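Since the structure is predicted, the reported quantities are computational estimates derived from the model, not experimental observations. Heads up: numbering here begins at 1 and tracks the sequence. Any value given below was found using the heavy atoms of this structure, including those in side chains, with hydrogens, waters and symmetry copies removed.
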Amino acid sequence: MKGGIYSDEKCPICEGGMRDNGRTAVCCSTHPKQHARSLIVRFGRNIFKRFTEYSEASRFLNGLRFKTDENTFDARDYKRANPLGFAHLADKYLAMKEQTIKHGTFASLRPLMERAKNFFGNRNVKELNYGDLEDFFLHLKKDSGLASKTIYNLRGHLHNFWEWLCKRKEIPRDLMPEFPEISFEMGWRRTLDKTTQESVLDEIWEITRKKTPRAWFAILLLSSNVNVRPGELEGVLEDHVDLERRCILIHDHKTKRHTQAPKTITLLDEDVEFIRSLPKGFPHMPFFRRDVGGGGRHANTAFGRHFLQDVWDKACRNLGVSGVSLYPGTRHSTCQFFRQLGKTPEEVKRLTDHTTNKAFDRYLEIQAEEKRTGVELARRKRETKCTVVQINKDKKPCP
């Protein structure tokens, strides 16, 4: 049989080697009452473990043989370095993600995975199951006070982590645990009506037209191309602007993981005329940039990460508008406007490039006017029913 129990001790009487008697001890064959106190279980070339009790060593060896017979033996489960430990593999996963995802996305991923490392420690990932994950999520909700949406995001990260383990052949797919369902409710965005949005755009033009007209143009594009996010404009270069096809190509965008094709911003004739009126730059210069210097900034430098938001906020303050940031103020408000024009939810979803319904539903909350219309219709039905009943009973309609 594979493996055995050994000892490097010598018999204190005859200095002879000691062997496993197969029953109760590792002892001297000449002096069977002389038992070894330091026992070693060897199993193949990878397993080497010391024991002080023969019963424990025998149980461990039999367990290894049983796992070998049922074809579940994995030498990594018994290495001192614990290569299948959760914390060890989570660090490798984070190192991989740091090289493959955006900095902002990684910045939100790391603290969530650190929470999981603190809870699971370096337990073998093959031993973690549904109950362990459920206990972890309940701990986060009860003791950490995390929002349900944050816990839902962490569940998704952990699911991706286990998928990564399966792809790397670290564990077989049948050992991937089942994940508990996490429900959450997303908050509603405050939006602007189309008239107010246009007033904000006019105010932005007054603020930017002398020094940074490209800022007004960027926000104008965000308000009309609802599939574009503010951060995606940062990577647009002069070379990405195609005036012949009347579009701007965005190569680095959030939905790139679903499609390798660039996202497009559709340009109208007046947009093309505006672009032609701007100073022309070199092909690899950022398109959304400062055309003149000032305020400690040099000409032809790209807008900062928060520049467009700061311009939006200033325009809103000037008009007395509060509580609406750049993203919902442009994209979300325009989606509501599309619905008011009669666009179906499916049509609006295609315009926004959404791939899931959960986040998209927030863009299409029922407006107060739609609710009012529905209530009026419902009450008319009840009034009609009341009228019919009164006619049948009293031979005259109710007042």
Peer 1: Checking side chain to side chain contact (heavy atoms under 4.5 Å, CB included) between Leu39 and each of Asp20, Val26, Asp8, which is the one that passes?
Peer 2: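 Option passing the side chain to side chain contact (heavy atoms under 4.5 Å, CB included) with Leu39: Val26.
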
Peer 1: If you group Ile, Leu, Val, Met, Phe, Trp and Tyr by side-chain heavy-atom gaps below 4.5 Å, do Val236 and Met285 land in one group?
Peer 2: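 Val236 and Met285: separate clusters.
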
Peer 1: Strictly under 6.0 Å, is that where the ring centroids of Phe179 and Phe137 end up?
Peer 2: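 No, they do not, as the ring centres are separated by 6.0 Å or more.
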
Peer 1: Do Asp242 side-chain atoms and Cys247 backbone N/O form a donor-acceptor pair below 3.5 Å?
Peer 2: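 No, the answer is negative, given that no donor and acceptor are paired below the 3.5 Å cut-off.
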
Peer 1: Count the heavy atoms belonging to other residues, nucleotides or ligands that lie under 6.0 Å from NZ of Lys117, then report whether that count exceeds 12.
Peer 2: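 More than 12 heavy atoms, drawn from other residues, nucleotides or ligands, come within 6.0 Å of this atom.
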
Peer 1: Taking the side chain as every heavy atom from C-beta outward, state whether Cys11 and Met18 have any atom pair closer than 4.5 Å.
Peer 2: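 Yes, close enough: below the 4.5 Å cut-off.
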
Peer 1: I'd like to know if Leu237 and Leu221 are part of one continuous hydrophobic network [Ile/Leu/Val/Met/Phe/Trp/Tyr, side-chain heavy atoms within less than 4.5 Å].
Peer 2: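 No, no single cluster joins them.
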
Peer 1: In Å and rounded to the nearest 0.5 Å, what is the CG to CH2 distance from Asp202 to Trp216?
Peer 2: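 The distance works out to 9.0 Å.
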
Peer 1: Look at the side chain of Asn153 and the backbone N and O of Thr150, then say whether any donor-acceptor pair between them is shorter than 3.5 Å.
Peer 2: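 No, the answer is negative, given that no donor and acceptor are paired below the 3.5 Å cut-off.
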
Peer 1: Looking only at atom types and distance, does a side-chain atom of Ser58 sit under 3.5 Å from a main-chain N or O of Tyr54, one as donor and one as acceptor?
Peer 2: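 Checked: no pair found.
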
Peer 1: Show the numbers, then the answer: is there a ring-ring contact (aromatic ring centres under 6.0 Å, His included) between Phe86 and Phe161?
Peer 2: CA-CA 10 Å; Phe86 180 89; Phe161 168 69; 5.2 Å; yes

Peer 1: State, yes or no, whether a side-chain contact exists between Phe307 and Asp310 at a heavy-atom distance under 4.5 Å.
Peer 2: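 A side-chain contact is absent here, since even the closest heavy-atom pair is not under 4.5 Å.
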
Peer 1: Could you tell me whether the side chain of Tyr93 reaches within less than 4.5 Å of the side chain of Arg168, counting heavy atoms only?
Peer 2: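 Not touching, per the 4.5 Å side-chain cut-off.
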
Peer 1: Roughly how far, to the nearest 0.5 Å, is the CG atom of Leu128 from the CG atom of Leu175?
Peer 2: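 With rounding to 0.5 Å, CG (Leu175) is 11.0 Å from CG (Leu128).
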
Peer 1: Could you give me the CA-CA distance, side-chain angles and deciding distance for Lys314 and Asn318, then say whether side chain to side chain donor-acceptor pair (under 3.5 Å) is met?
Peer 2: CA-CA 6 Å; Lys314 183 177 181 180; Asn318 293 348; over 6 Å; no

Peer 1: Could you check if a side-chain atom of Lys97 sits within less than 4.5 angstrom of a side-chain atom of His157, using non-hydrogen atoms only?
Peer 2: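 No, their side chains stay 4.5 Å or more apart.
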
Peer 1: Check whether any side-chain heavy atom of Ile275 sits under 4.5 Å from a side-chain heavy atom of Phe217, and report yes or no.
Peer 2: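 The answer is yes; the side chains approach within 4.5 Å.
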
Peer 1: Tell me whether His31 at atom NE2 has more than 12 heavy atoms from other residues, nucleotides or ligands lying less than 6.0 Å away.
Peer 2: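 It does: His31 NE2 has more than 12 such atoms within range.
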
Peer 1: Please check: side-chain N/O of Trp312 versus main-chain N/O of Val324, any donor-acceptor pairing under 3.5 Å?
Peer 2: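 Answer holds: yes.
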
Peer 1: Looking at side-chain heavy atoms only, is the closest gap between His139 and Arg115 below 4.5 Å?
Peer 2: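 His139 does not reach Arg115 side chain to side chain.
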
Peer 1: Would Gln309 and Asp313 count as a side chain to side chain donor-acceptor pair (under 3.5 Å) if you check the C-alpha gap in whole Å, the side-chain angles of each, and the deciding distance to 0.1 Å?
Peer 2: CA-CA 6 Å; Gln309 180 66 59; Asp313 290 342; 2.8 Å; yes

Peer 1: Tyr130 and Leu138: same hydrophobic cluster, using ILVMFWY side-chain contacts below 4.5 Å?
Peer 2: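 Different hydrophobic clusters.
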
